[in-house]
Amino acid sequence: MNRNAEISGHILDILSGWDSPADEAVIHAQVNARVRPEALLSEFRDAIKYCEFYQFITGVLNPLHGTRWAITDKGKAQRHS
């Protein structure tokens, strides 16, 4: 498994456990608890962009807190494939 796929999979797993959108910093911290070596910010952002491009996640811009992310139905389906 390549690094982007590994990080993206963890992002989907993490977001599937949330009922509301999550802050990017919180997701990054949780991803880092799961991968070794820890994901560089650039690796994490690439994985976020990948997941957003394929509509596995959706972002909501909060002017005070930055982007918050939520998993989509397509992302939930991808998680189980």
Point to revise | Distance-minimising heavy-atom pair for Ile57 and Trp69 | key: CD1-CE3, 3.5 Å

Practice item. Output the distance between atom CG (Asp23) and atom OG1 (Thr67), rounded to the nearest 0.5 Å. Key: 9.5 Å

Exercise for review: Could you state whether Val60 and Trp18 fall into the same hydrophobic cluster, counting links through intermediate Ile, Leu, Val, Met, Phe, Trp or Tyr residues with side-chain heavy atoms under 4.5 angstrom apart?
Suggested key: no

**Study point:** Residues that Asp46 engages under salt bridge (charged side-chain N to carboxylate O under 4.0 Å, His left out), provided they are two or more places apart
**Key:** none

Study note, to complete from the structure: In short, Ala22 meets Leu15 closest at the heavy-atom pair CB-CD2, 3.9 Å

Check your understanding: Are Asp73 and Lys76 close enough, and set up right, to give a side chain to side chain contact (heavy atoms under 4.5 Å, CB included), and what steps lead you there?
Key -> CA-CA 5 Å; Asp73 289 340; Lys76 290 175 186 175; 4.2 Å; yes

Check your understanding: Any chance NZ of Lys74 has more than 12 other-residue heavy atoms, nucleotides or ligands included, within less than 6.0 Å?
Key -> yes

**Study point:** ILVMFWY cluster, Val35 and Val26 together (side-chain gap under 4.5 Å)
**Key:** yes

Point to revise | Minimal non-hydrogen separation, His28 against Ala39, with atom names | key: NE2-O, 3.1 Å

Study note, to complete from the structure: Taken in chain and number order and not counting sequence neighbours, the residues that satisfy side chain to side chain contact (heavy atoms under 4.5 Å, CB included) with Tyr50 are Asn4, Ser8, Tyr54, Phe56

Check your understanding: So which heavy atom on Glu38 is nearest to which on Glu43, and how close?
Key -> O-OE1, 4.0 Å

Check your understanding: If you measure from CD on Glu6 to CZ on Arg36, what distance do you get to the nearest 0.5 Å?
Key -> 10.5 Å

Study note, to complete from the structure: Separation between CZ (Arg34) and CD1 (Ile14), nearest 0.5 Å, reads 4.5 Å

Revision key, fill the gap. To the nearest 0.5 Å, atom CD of Gln78 lies from atom SG of Cys51 at 8.5 Å

Exercise for review: For His10 and Asn32, indicate whether the former's side chain and the latter's backbone hold a donor-acceptor pair under 3.5 Å.
Suggested key: no

Review point. If you group Ile, Leu, Val, Met, Phe, Trp and Tyr by side-chain heavy-atom gaps below 4.5 Å, do Ile48 and Phe53 land in one group?
Key: yes

Point to revise | Ile11 versus Ala47, closest heavy-atom pair with distance | key: CD1-CB, 3.7 Å

Study note, to complete from the structure: For Ile7 and Val31, the nearest pair of non-hydrogen atoms, with its separation, is CG2-CG1, 4.0 Å

